[in-house]
Amino acid sequence: MVSETVPRPELEPIFTALAGQWETDGRLVPGRADEEWTILARRYPWPGR
């Protein structure tokens with residue numbers, strides 16, 4: 001059996017609306033910058049050394 005990946009443009013508005021809702025709720029949205037993670041990743045892992 002061969003499966004194909006076919007773009008489904010009718011789903012685009014659903015994902016756009018979902019991403020907007022997540023952003024409004026303060027959740028992380030895949031593909032968008034996560035400011036909190038950026039801050040944590042920049043910290044030195046062993047303070048005081």
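All of these numbers come straight from a predicted model, not from anything done at the bench.
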A.B. asks: Applying side-chain hydrogen bond (donor to acceptor under 3.5 Å, both in side chains) as the test, list every pair that has at least one member in residues 20-29; sequence neighbours left out.
C.D. replies: Q21-D25, E23-R32
A.B. asks: Name all residues meeting the side-chain contact (heavy atoms from CB on, under 4.5 Å) criterion together with E36; count only those two or more places apart in sequence or in a different chain, and write none if there are none.
C.D. replies: D34, L40
A.B. asks: Could you pull out all residues at least two apart from R42 that satisfy side-chain contact (heavy atoms from CB on, under 4.5 Å)?
C.D. replies: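 For R42, the residues satisfying side-chain contact (heavy atoms from CB on, under 4.5 Å) (neighbours in sequence not counted) are T38.
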